[in-house]
Amino acid sequence: MVTYGVDHIKQYKHWLADGRVALLTSATGRNSANESTISLLQEICHLTALFEPEHGLRGAHAAGDATENSVDPETGLPVYSLYNANSKHLSADMLEAFDILVFDIQDVGLRFYTFLTTLCYMLEDCAAAGKRLVVLDRPNPLGGEAVEGGLLREEYKSFVGCRPIPIRYALTLGEFAVMINQKEKLGCDLHIVPCDWHGEAFPQWEKIWQMPSLNLPAFENTALYAGTCLFEGTTLSEGRGTAAPFRIIGGPDIDAEKLVKAFAERRLPGAAATPVYFTPTTSKHQGTPCGGLMLHVTDFAALRPVELGVELVDLFQQMYPEQSQFIAKYSPTDLASISRLTGCGDFVSGWDKNAVLERWRQESALFAKEKADYHLYERQFV
């Protein structure tokens, strides 16, 4: 049976007994019985402060919206923003507020999802300040086996790409934290409260889906987001402002029926598409009628969503090059959006889909072997 680290917190409460405790969490910070991690910690330790990542403490903020320090109306505890306009690291004032930092957030297993970078920053900051970091581990909803994407290049490092790992890395956040702490010799006083997990993807957990953010309302959106997030780097809509973000992809003046027929001809495993016409209520092409496709996961085990995303970008640019251009840099010194997301500079005019995918397969295979040294849980696959 799959469980979460927070389900076992009482067995490890001695790690929290010798100081003031702060909790970094989000709307996903709940145990298997749907009880809040905040409430659970208040019962067993001296909880003095809360910290929030992107999307806020309770998931109310849209992607990219900076938040400010506040007071939590439910507990009266101070809430410190780690996604504010000035910094995403722990400030001196924040470090003064606690002795032990607990991290409990459900990640989605993708390099460009910012909870991963926030964890990296906590490792660095707690190590530098001599603070204990306790990670309440959670399973990876995309599973612990399949690795996809190329390794991030150092020159493309950003808040949506903090380390040289593939897009889909098949580790829990606890395993990732151990890997970074050991490989980089950070010296963080790191403790992992383990979950029970053998590499299963979310459909096998027998759990309710807790939205990690408003545009990932269900597992199917999240599975496809692994690849369709690449469309954030293009002029096409990735489905924000529709009922199916990251499942609907399209733009103005696109023939949905023609597009879906061309998609079917590629015979990509684990996914199907249906034609869709839509008008986004927010984000790109807001208020403009669009055509496109809606993706459906038919076999998650066979699905390779990152490769699917690359194939889709190529398909749109072959059929509708004017509507699907890569978004230009905001300034000469900035990274193009597609380069931040992919962690490389390959996606430019005239890019070669086959060359990119072949290199990514080689690099992900190498990482799959490397990461096995840091597994905390034995993978068991049928």
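When a residue number appears, it is its place in the shown sequence, counting from 1. Just so you know, these numbers come straight off a predicted model, no measurement behind them.
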Which atoms form the tightest heavy-atom contact between Ala256 and Pro275, and what is the distance? CB-CB, 3.6 Å

Give me the atom names and distance for the closest heavy-atom approach of Leu142 to Gly109. CD1-O, 4.3 Å

Are side-chain heavy atoms of Asn31 and Thr37 found at a separation under 4.5 Å? no

Val297 and Leu295: CA distance, side-chain angles, deciding distance, side-chain contact (heavy atoms from CB on, under 4.5 Å) verdict: CA-CA 7 Å; Val297 177; Leu295 293 165; over 6 Å; no

Under a 4.5 Å side-chain heavy-atom rule over Ile, Leu, Val, Met, Phe, Trp and Tyr, are Val71 and Met94 clustered together? no

Angle class for the Phe347/Trp360 ring planes (parallel below 30°, perpendicular above 60°, tilted otherwise)? tilted

Among Arg168, Arg111, Arg361, salt bridge (charged side-chain N to carboxylate O under 4.0 Å, His left out) partner for Glu148: Arg168

Answer yes or no: is there a donor N or O on one side and an acceptor on the other, between the side chain of Ser364 and the main chain of Gly150, under 3.5 Å? no

Heavy-atom nearest pair, Leu151 first then Glu363, reads N-OE1, 2.7 Å

Look at Asp104 together with Arg138 and state whether they make a salt bridge at an N to O cut-off of under 4.0 Å. yes

Pairwise distance CD(Gln210) to CD(Gln106) - rounded to 0.5 angstrom: 9.0 Å

Electrostatic pair Arg163-Glu124, nearest N-O below 4.0 angstrom: yes

May I ask you to test the Phe263-Met319 pair for a side-chain heavy-atom distance under 4.5 Å? no

Quick one: closest heavy-atom pair of Arg379 and Ala170, and the distance? NH2-O, 2.9 Å

Over 12 non-hydrogen atoms of neighbours within 6.0 angstrom of CD in Glu370: yes

Under 4.5 Å between any side-chain heavy atoms of Pro141 and Trp209, yes or no? yes

Out of curiosity, does Met294 fall in the hydrophobic cluster containing Leu259 (side-chain heavy atoms, cut-off under 4.5 Å, transitive links)? no

Under 3.5 Å, side chain of His198 to main-chain N/O of Glu378, donor-acceptor pair present? yes

Got Pro245 and Asn221 here, is their nearest side-chain heavy-atom distance under 4.5 Å? yes

Test your reading of the model: is there a side-chain donor-acceptor pair from Thr235 to the backbone of Gln325, 3.5 Å cut-off? yes

One should read off an interatomic distance between Ser283 OG and Asn215 CG, to the nearest 0.5 angstrom, of 8.0 Å

Value for CG (Leu40) from CD1 (Ile9), rounded to nearest 0.5 Å, stands at 8.5 Å

Ring-face cation of Lys371 near Tyr169 (centre distance under 6.0 Å, axis angle within 45°): no

Over 60° means perpendicular and under 30° means parallel, so classify the ring planes of Trp15 and Tyr12, tilted if in between. tilted

Supply the atom-to-atom distance Ile165 CD1 to Leu110 CG, rounded to the nearest 0.5 angstrom. 9.5 Å

I want to check something: taking the side chain as every heavy atom from C-beta on, are Val310 and Trp351 in contact at a cut-off of under 4.5 Å? yes

Spell out, as yes or no, whether a donor-acceptor pair under 3.5 Å connects the side chain of Thr228 to the backbone of Leu224. yes

Under 3.5 Å: donor-acceptor pair, side chain of His296, backbone of Glu220: no

Under a 3.5 Å threshold, yes or no: a donor from one side chain and an acceptor from the other, between Thr75 and Gln42? no

Rounded to the nearest 0.5 Å, what's the gap from CZ on Phe112 to CG on Leu230? Could you check? 6.0 Å

Do side-chain atoms of Gln317 reach the backbone of Ser324 as a donor and acceptor pair under 3.5 angstrom? yes

Any donor-acceptor pair under 3.5 Å from Asp314 side chain to Lys353 backbone: no

Let me confirm one number: the CD-CG distance from Glu68 to Asn84, rounded to the nearest 0.5 Å. 6.0 Å

For Phe219, which of Tyr225, Trp205, Phe300 qualifies under ring-ring contact (aromatic ring centres under 6.0 Å, His included)? Phe300

May I ask you to test the Pro53-Ile105 pair for a side-chain heavy-atom distance under 4.5 Å? yes

Dump the intermediate steps for side-chain contact (heavy atoms from CB on, under 4.5 Å) on Thr114 and Val160, then the final yes or no. CA-CA 6 Å; Thr114 62; Val160 293; 4.0 Å; yes

Please determine whether the number of non-hydrogen atoms from other residues, nucleotides or ligands lying under 6.0 Å from atom CD of Glu206 exceeds 12. no

Are any side-chain N or O atoms of Tyr320 and backbone N or O atoms of Gly250, one a donor and one an acceptor, separated by less than 3.5 Å? no

For Lys284, is there an ion pair with Glu232 - N to carboxylate O distance below 4.0 angstrom? no

So that I know where these two stand, are Phe115 and Phe103 an aromatic pair - ring centroids less than 6.0 Å apart? no

Check for a donor-acceptor pair, side chain of Asp189 on one end and backbone N or O of Lys131 on the other, with a separation under 3.5 Å. no

For Ser237 and Phe278 the tightest heavy-atom approach is OG-CE1, 3.8 Å

Can you tell if the side chain of Thr25 reaches within under 4.5 Å of the side chain of Ser36, non-hydrogen atoms only? no

Tell me, please, whether Tyr4 has Lys207 positioned over its six-membered ring: NZ or CZ under 6.0 Å from the ring centre and within 45 degrees of its axis? yes

Check against side-chain contact (heavy atoms from CB on, under 4.5 Å), Phe326 and Ser349: CA-CA 8 Å; Phe326 293 127; Ser349 178; over 6 Å; no

Without swapping roles, check the side chain of Arg58 against the backbone of His55 for a donor-acceptor pair under 3.5 Å. no

Of all the heavy-atom pairs spanning Leu133 and Cys188, show the shortest one and how long it is. CB-SG, 3.9 Å

Verdict with supporting geometry, Tyr113 and Ser213, side-chain hydrogen bond (donor to acceptor under 3.5 Å, both in side chains): CA-CA 10 Å; Tyr113 207 64; Ser213 56; 2.7 Å; yes

Axial cation check for Phe159 ring with Lys88, 6.0 Å and 45° limits: yes

Are Ile44 and Ile38 grouped together when hydrophobic residues (ILVMFWY) are joined by side-chain heavy atoms under 4.5 angstrom apart? yes

Applying side-chain contact (heavy atoms from CB on, under 4.5 Å) to Asp196 and Met1, what does each step give before you reach the verdict? CA-CA 7 Å; Asp196 292 306; Met1 181 178 70; over 6 Å; no

Grouping I, L, V, M, F, W and Y whenever their side-chain heavy atoms are under 4.5 Å apart, do Val134 and Leu173 come out in a common cluster? yes

If hydrophobic clusters are built by linking Ile, Leu, Val, Met, Phe, Trp and Tyr wherever their side-chain heavy atoms come under 4.5 Å apart, do Leu216 and Leu308 end up in the same one? yes

State, with a plain yes or no, whether a side-chain heavy atom of Asp346 is found less than 4.5 Å away from one of Asp352. no

